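Keep in mind the model is a prediction, meaning the values are calculated, not measured.
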Amino acid sequence: MTLSRREGVDIRPTLLRVLTDLYVQASAHSADEERQFVELTSRLIDEVDDATRAAVRARLAIYPSTPAIILERLGLRRADATQPATAAAPIPMPAQSARAPTDVELRMAASLSMRPNDAAEISDMFFAASTSERAQILHNLQDTPLKAAARIPAARAARAIHILEMAAFAEDIDNFAFELGEALILPSRIAAQVVNDPGGEPLACAMRALDVSGAAFQRILMFLNPEAGSSVNYVYRLSRLYDRLSERSALVMLAAWRGSTMAVARAKYRSSLYDDEHHRVRATPTQTRPVVQPGSAPAIRNRKS
(Lines give C-alpha, C1' and ligand atoms only; values in the text may rest on other atoms or scores of the structure.)
Protein backbone atom coordinates (compact mmCIF):
# COMPACT_ATOMS: atom_id res chain seq x y z
CA MET A 1 0.00 0.00 0.00
CA THR A 2 2.82 2.39 0.86
CA LEU A 3 4.76 1.58 -2.31
CA SER A 4 1.67 1.99 -4.47
CA ARG A 5 1.29 5.60 -3.30
CA ARG A 6 4.77 6.50 -4.47
CA GLU A 7 4.97 7.77 -7.99
CA GLY A 8 6.97 5.61 -10.38
CA VAL A 9 7.24 2.53 -8.13
CA ASP A 10 6.14 -0.79 -9.64
CA ILE A 11 4.73 -2.99 -6.87
CA ARG A 12 3.95 -5.97 -9.11
CA PRO A 13 7.30 -7.79 -8.57
CA THR A 14 6.99 -7.43 -4.80
CA LEU A 15 3.36 -8.53 -4.88
CA LEU A 16 4.19 -11.66 -6.90
CA ARG A 17 7.03 -12.60 -4.53
CA VAL A 18 4.82 -12.15 -1.47
CA LEU A 19 1.98 -14.17 -2.98
CA THR A 20 4.38 -17.00 -3.82
CA ASP A 21 6.01 -17.00 -0.38
CA LEU A 22 2.63 -17.15 1.35
CA TYR A 23 1.38 -19.91 -0.94
CA VAL A 24 4.33 -22.29 -0.46
CA GLN A 25 4.23 -21.97 3.33
CA ALA A 26 1.19 -24.30 3.47
CA SER A 27 1.41 -27.94 2.40
CA ALA A 28 -2.17 -28.00 1.04
CA HIS A 29 -4.74 -25.47 -0.14
CA SER A 30 -8.50 -25.34 -0.59
CA ALA A 31 -10.06 -24.96 -4.02
CA ASP A 32 -10.78 -21.27 -3.40
CA GLU A 33 -7.22 -20.57 -2.28
CA GLU A 34 -5.80 -22.29 -5.35
CA ARG A 35 -8.21 -20.44 -7.66
CA GLN A 36 -7.29 -17.06 -6.16
CA PHE A 37 -3.57 -17.83 -6.42
CA VAL A 38 -3.93 -18.88 -10.07
CA GLU A 39 -5.93 -15.76 -10.97
CA LEU A 40 -3.54 -13.33 -9.30
CA THR A 41 -0.32 -15.04 -10.32
CA SER A 42 -1.36 -15.54 -13.95
CA ARG A 43 -1.84 -11.80 -14.36
CA LEU A 44 1.48 -10.93 -12.73
CA ILE A 45 3.85 -13.50 -14.25
CA ASP A 46 4.05 -11.79 -17.64
CA GLU A 47 4.26 -8.28 -16.16
CA VAL A 48 7.31 -8.63 -13.91
CA ASP A 49 11.02 -8.48 -14.61
CA ASP A 50 13.17 -11.52 -15.43
CA ALA A 51 14.81 -11.65 -11.99
CA THR A 52 11.44 -11.79 -10.20
CA ARG A 53 10.13 -14.43 -12.60
CA ALA A 54 13.27 -16.51 -12.03
CA ALA A 55 12.90 -16.30 -8.24
CA VAL A 56 9.25 -17.36 -8.42
CA ARG A 57 10.13 -20.27 -10.69
CA ALA A 58 12.78 -21.41 -8.22
CA ARG A 59 10.27 -21.46 -5.37
CA LEU A 60 7.43 -23.12 -7.27
CA ALA A 61 9.65 -25.64 -9.06
CA ILE A 62 10.24 -27.58 -5.83
CA TYR A 63 6.80 -27.01 -4.30
CA PRO A 64 4.68 -30.17 -4.75
CA SER A 65 1.28 -28.40 -4.79
CA THR A 66 1.96 -25.84 -7.50
CA PRO A 67 -1.13 -25.60 -9.75
CA ALA A 68 -0.71 -27.15 -13.17
CA ILE A 69 -1.69 -23.91 -14.93
CA ILE A 70 1.09 -21.98 -13.18
CA LEU A 71 3.61 -24.73 -13.95
CA GLU A 72 2.71 -24.41 -17.61
CA ARG A 73 2.95 -20.63 -17.57
CA LEU A 74 6.42 -20.84 -16.02
CA GLY A 75 7.67 -23.46 -18.45
CA LEU A 76 7.79 -26.19 -15.81
CA ARG A 77 6.18 -29.60 -15.66
CA ARG A 78 5.09 -31.75 -12.77
CA ALA A 79 7.53 -34.51 -11.83
CA ASP A 80 6.48 -37.90 -13.19
CA ALA A 81 8.43 -40.95 -12.06
CA THR A 82 7.22 -42.99 -15.05
CA GLN A 83 8.73 -40.62 -17.61
CA PRO A 84 12.43 -40.02 -18.21
CA ALA A 85 13.82 -36.63 -17.31
CA THR A 86 13.96 -34.23 -20.23
CA ALA A 87 15.11 -30.70 -20.67
CA ALA A 88 12.82 -28.00 -19.36
CA ALA A 89 10.30 -26.68 -21.85
CA PRO A 90 10.84 -23.16 -23.14
CA ILE A 91 9.00 -20.40 -21.35
CA PRO A 92 5.63 -19.87 -23.07
CA MET A 93 4.99 -16.35 -24.24
CA PRO A 94 1.66 -14.64 -23.55
CA ALA A 95 -0.91 -15.01 -26.32
CA GLN A 96 -1.35 -11.28 -26.70
CA SER A 97 2.39 -10.65 -27.02
CA ALA A 98 4.27 -11.17 -30.28
CA ARG A 99 7.74 -10.31 -28.97
CA ALA A 100 10.55 -12.86 -29.24
CA PRO A 101 12.00 -14.46 -26.08
CA THR A 102 14.80 -12.47 -24.52
CA ASP A 103 18.28 -13.88 -23.97
CA VAL A 104 17.55 -14.16 -20.26
CA GLU A 105 14.37 -16.16 -20.88
CA LEU A 106 16.22 -18.49 -23.24
CA ARG A 107 18.92 -19.10 -20.63
CA MET A 108 16.26 -19.73 -18.00
CA ALA A 109 14.64 -22.33 -20.23
CA ALA A 110 17.90 -24.27 -20.35
CA SER A 111 19.14 -23.84 -16.80
CA LEU A 112 17.97 -21.51 -14.08
CA SER A 113 20.79 -20.26 -11.89
CA MET A 114 19.90 -19.67 -8.27
CA ARG A 115 20.42 -16.30 -6.70
CA PRO A 116 21.90 -16.39 -3.19
CA ASN A 117 18.63 -15.45 -1.47
CA ASP A 118 16.69 -18.08 -3.40
CA ALA A 119 19.33 -20.70 -2.64
CA ALA A 120 19.11 -19.85 1.05
CA GLU A 121 15.33 -20.24 0.96
CA ILE A 122 15.59 -23.65 -0.70
CA SER A 123 18.23 -24.80 1.79
CA ASP A 124 16.25 -23.58 4.79
CA MET A 125 13.05 -25.12 3.44
CA PHE A 126 14.78 -28.49 3.02
CA PHE A 127 16.32 -28.56 6.50
CA ALA A 128 13.02 -27.47 8.11
CA ALA A 129 10.89 -30.02 6.22
CA SER A 130 9.68 -33.35 7.56
CA THR A 131 10.92 -36.71 6.30
CA SER A 132 8.16 -37.10 3.72
CA GLU A 133 8.46 -33.48 2.60
CA ARG A 134 12.21 -33.85 2.09
CA ALA A 135 11.67 -36.89 -0.08
CA GLN A 136 9.16 -34.95 -2.17
CA ILE A 137 11.50 -31.97 -2.52
CA LEU A 138 14.33 -34.20 -3.71
CA HIS A 139 11.98 -35.91 -6.14
CA ASN A 140 10.89 -32.57 -7.59
CA LEU A 141 14.48 -31.35 -7.96
CA GLN A 142 15.04 -34.03 -10.59
CA ASP A 143 13.02 -32.15 -13.22
CA THR A 144 13.50 -28.59 -12.06
CA PRO A 145 15.29 -26.21 -14.45
CA LEU A 146 17.51 -25.00 -11.61
CA LYS A 147 21.18 -25.21 -12.48
CA ALA A 148 23.00 -28.03 -10.68
CA ALA A 149 26.50 -27.88 -9.25
CA ALA A 150 29.30 -29.40 -11.30
CA ARG A 151 30.24 -33.01 -10.64
CA ILE A 152 33.06 -33.66 -8.23
CA PRO A 153 36.12 -34.92 -10.16
CA ALA A 154 36.35 -38.71 -9.97
CA ALA A 155 39.85 -38.78 -8.47
CA ARG A 156 38.94 -36.25 -5.79
CA ALA A 157 35.70 -38.07 -5.00
CA ALA A 158 37.43 -41.45 -4.68
CA ARG A 159 40.02 -40.03 -2.28
CA ALA A 160 37.29 -38.35 -0.22
CA ILE A 161 35.18 -41.51 -0.05
CA HIS A 162 38.15 -43.47 1.30
CA ILE A 163 38.80 -40.88 4.02
CA LEU A 164 35.09 -40.59 4.88
CA GLU A 165 34.74 -44.35 5.34
CA MET A 166 37.74 -44.48 7.67
CA ALA A 167 36.36 -41.56 9.70
CA ALA A 168 32.97 -43.29 9.90
CA PHE A 169 34.54 -46.54 11.13
CA ALA A 170 36.37 -44.54 13.81
CA GLU A 171 33.13 -42.69 14.73
CA ASP A 172 35.02 -39.45 14.17
CA ILE A 173 32.20 -37.08 13.26
CA ASP A 174 34.37 -33.95 13.33
CA ASN A 175 36.90 -35.24 10.80
CA PHE A 176 34.07 -36.69 8.73
CA ALA A 177 32.41 -33.27 8.53
CA PHE A 178 35.73 -31.58 7.78
CA GLU A 179 36.55 -33.91 4.87
CA LEU A 180 32.99 -33.65 3.54
CA GLY A 181 33.23 -29.86 3.50
CA GLU A 182 36.59 -30.01 1.72
CA ALA A 183 35.34 -32.44 -0.92
CA LEU A 184 32.06 -30.64 -1.65
CA ILE A 185 33.46 -27.10 -1.19
CA LEU A 186 31.12 -26.33 1.68
CA PRO A 187 31.83 -24.15 4.73
CA SER A 188 32.24 -25.93 8.05
CA ARG A 189 28.84 -24.70 9.28
CA ILE A 190 26.91 -26.28 6.41
CA ALA A 191 29.02 -29.46 6.46
CA ALA A 192 28.38 -29.93 10.18
CA GLN A 193 24.67 -29.30 9.67
CA VAL A 194 24.56 -31.94 6.92
CA VAL A 195 26.41 -34.55 8.99
CA ASN A 196 24.57 -33.92 12.27
CA ASP A 197 21.07 -33.72 10.83
CA PRO A 198 18.96 -36.35 12.68
CA GLY A 199 16.89 -37.23 9.61
CA GLY A 200 19.84 -38.28 7.46
CA GLU A 201 18.47 -36.96 4.15
CA PRO A 202 21.13 -34.20 3.82
CA LEU A 203 23.84 -36.82 4.33
CA ALA A 204 22.28 -38.93 1.60
CA CYS A 205 22.43 -35.93 -0.77
CA ALA A 206 26.07 -35.32 0.07
CA MET A 207 27.01 -38.95 -0.49
CA ARG A 208 25.12 -39.08 -3.79
CA ALA A 209 26.96 -35.93 -4.94
CA LEU A 210 30.21 -37.84 -4.33
CA ASP A 211 28.82 -40.91 -6.14
CA VAL A 212 29.21 -43.17 -3.11
CA SER A 213 28.02 -46.73 -3.71
CA GLY A 214 24.90 -47.97 -1.94
CA ALA A 215 26.87 -50.50 0.12
CA ALA A 216 29.39 -47.87 1.26
CA PHE A 217 26.56 -45.51 2.19
CA GLN A 218 24.99 -48.21 4.38
CA ARG A 219 28.31 -48.81 6.13
CA ILE A 220 28.66 -45.09 6.79
CA LEU A 221 25.13 -44.96 8.22
CA MET A 222 25.79 -47.84 10.60
CA PHE A 223 29.22 -46.79 11.87
CA LEU A 224 29.29 -42.97 11.82
CA ASN A 225 26.57 -42.65 14.45
CA PRO A 226 26.14 -46.04 16.16
CA GLU A 227 23.07 -44.90 18.10
CA ALA A 228 21.17 -44.03 14.93
CA GLY A 229 22.85 -46.75 12.87
CA SER A 230 21.58 -49.45 15.21
CA SER A 231 18.01 -48.65 14.13
CA VAL A 232 16.91 -50.94 11.31
CA ASN A 233 14.17 -48.52 10.26
CA TYR A 234 16.66 -45.63 10.05
CA VAL A 235 19.12 -47.52 7.84
CA TYR A 236 16.41 -49.12 5.69
CA ARG A 237 14.54 -45.83 5.13
CA LEU A 238 17.64 -43.92 4.07
CA SER A 239 18.88 -46.81 1.94
CA ARG A 240 15.62 -46.79 -0.01
CA LEU A 241 15.81 -43.03 -0.38
CA TYR A 242 19.40 -43.29 -1.56
CA ASP A 243 18.53 -45.87 -4.22
CA ARG A 244 15.88 -43.54 -5.65
CA LEU A 245 17.88 -40.33 -5.27
CA SER A 246 19.25 -39.06 -8.57
CA GLU A 247 22.62 -37.43 -8.99
CA ARG A 248 21.00 -34.32 -10.46
CA SER A 249 18.76 -33.80 -7.40
CA ALA A 250 21.78 -34.09 -5.12
CA LEU A 251 23.82 -31.65 -7.20
CA VAL A 252 20.98 -29.10 -7.30
CA MET A 253 20.74 -29.29 -3.50
CA LEU A 254 24.53 -28.91 -3.31
CA ALA A 255 24.25 -25.75 -5.41
CA ALA A 256 21.61 -24.45 -3.00
CA TRP A 257 23.88 -25.10 0.00
CA ARG A 258 26.75 -23.27 -1.66
CA GLY A 259 24.55 -20.37 -2.70
CA SER A 260 23.05 -20.00 0.76
CA THR A 261 26.48 -19.21 2.19
CA MET A 262 26.77 -16.28 -0.21
CA ALA A 263 23.47 -14.88 1.08
CA VAL A 264 24.74 -15.08 4.66
CA ALA A 265 28.00 -13.39 3.70
CA ARG A 266 26.20 -10.56 1.91
CA ALA A 267 23.97 -9.97 4.93
CA LYS A 268 26.99 -9.96 7.26
CA TYR A 269 29.12 -7.61 5.20
CA ARG A 270 26.38 -5.38 3.80
CA SER A 271 27.22 -1.77 3.05
CA SER A 272 26.39 0.63 5.84
CA LEU A 273 23.48 2.98 5.47
CA TYR A 274 24.11 6.66 5.63
CA ASP A 275 22.65 6.95 9.14
CA ASP A 276 23.97 3.69 10.62
CA GLU A 277 26.75 5.46 12.46
CA HIS A 278 24.33 8.03 13.76
CA HIS A 279 22.18 5.35 15.40
CA ARG A 280 25.19 3.41 16.62
CA VAL A 281 26.68 6.33 18.59
CA ARG A 282 25.91 6.12 22.28
CA ALA A 283 24.11 9.06 23.77
CA THR A 284 26.28 10.74 26.38
CA PRO A 285 25.22 13.52 28.72
CA THR A 286 26.51 16.92 27.78
CA GLN A 287 29.23 18.03 30.13
CA THR A 288 29.58 21.73 30.76
CA ARG A 289 32.68 23.30 32.18
CA PRO A 290 32.16 26.35 34.35
CA VAL A 291 33.58 29.44 32.78
CA VAL A 292 35.74 31.49 35.13
CA GLN A 293 36.17 35.11 34.22
CA PRO A 294 39.48 36.85 35.05
CA GLY A 295 39.37 38.33 38.50
CA SER A 296 36.24 36.43 39.51
CA ALA A 297 38.06 33.67 41.39
CA PRO A 298 38.29 34.18 45.13
CA ALA A 299 41.73 35.22 46.33
CA ILE A 300 43.67 32.64 48.29
CA ARG A 301 45.41 34.04 51.30
CA ASN A 302 48.19 32.37 53.16
CA ARG A 303 47.76 32.76 56.84
CA LYS A 304 50.61 32.19 59.22
CA SER A 305 49.70 30.84 62.58
(message) If I take atom CG from residue L180 and atom OG from residue S188, how far apart are they, to the nearest 0.5 angstrom?
(response) 11.5 Å
(message) Please identify which of these residues, L251, L210, L254, meets the side chain to side chain contact (heavy atoms under 4.5 Å, CB included) condition with R151.
(response) L251
(message) Donor-acceptor check, side chain of R17 to backbone of V56, threshold 3.5 angstrom: yes or no?
(response) no
(message) Between Q136 and N140, is the side-chain hydrogen bond (donor to acceptor under 3.5 Å, both in side chains) condition met? List the steps.
(response) CA-CA 6 Å; Q136 185 63 43; N140 292 338; 3.1 Å; yes
(message) Between T41 and F37 (side chain of the first, backbone of the second, donor and acceptor by atom type, cut-off under 3.5 Å), is there such a pair?
(response) yes
(request) With rounding to the nearest 0.5 Å, note down the distance linking CD1 in I69 to CD1 in I45. (result) 10.5 Å
(request) Could you please spell out the steps behind the side-chain contact (heavy atoms from CB on, under 4.5 Å) verdict for V194 and L184? (result) CA-CA 11 Å; V194 169; L184 297 181; over 6 Å; no
(request) May I ask you to decide if S27's main-chain N or O and S65's side chain share a donor-acceptor pair within less than 3.5 Å? (result) yes
(request) Decide, yes or no, whether a salt bridge links R244 with E201 under the criterion of side-chain N to carboxylate O below 4.0 Å. (result) no
(message) Can you tell whether the side chains of R53 and D46 come within less than 4.0 Å, N to carboxylate O?
(response) no
(message) Strictly distance-based, threshold 3.5 Å: is any side-chain N or O of S231 a donor or acceptor partner for the main-chain N or O of A228?
(response) no
(request) Calculate, to the nearest 0.5 Å, the distance between atoms CG and CZ belonging to L164 and R159 respectively. (result) 11.5 Å
(request) Check L203, L221, D243 against L238 for a side chain to side chain contact (heavy atoms under 4.5 Å, CB included) and give me the one that passes. (result) L221
(request) Take E247 and R208 through the test salt bridge (Lys or Arg N to Asp or Glu O under 4.0 Å) and record every step on the way to the result. (result) CA-CA 6 Å; E247 181 188 42; R208 178 59 73 190; over 6 Å; no
(request) Hey, could you give me the CG/CD distance between N175 and E182, rounded to the nearest 0.5 Å? (result) 11.0 Å
(message) Please check: side-chain N/O of Y242 versus main-chain N/O of V212, any donor-acceptor pairing under 3.5 Å?
(response) yes
(message) Ring of F169, cation from R219 - is the NZ or CZ under 6.0 Å from the centre and inside 45° of the axis?
(response) no
(request) For the residue pair Y23 and Y63, categorise the inter-ring angle as parallel (less than 30°), tilted (30 to 60°) or perpendicular (more than 60°). (result) perpendicular
(request) Taking only Lys NZ, Arg NE, NH1 and NH2, and the carboxylate oxygens of Asp or Glu, determine whether R43 and E47 approach each other closer than 4.0 Å. (result) no
(request) State the CD-CG distance between E33 and L22, to the nearest 0.5 angstrom. (result) 11.0 Å
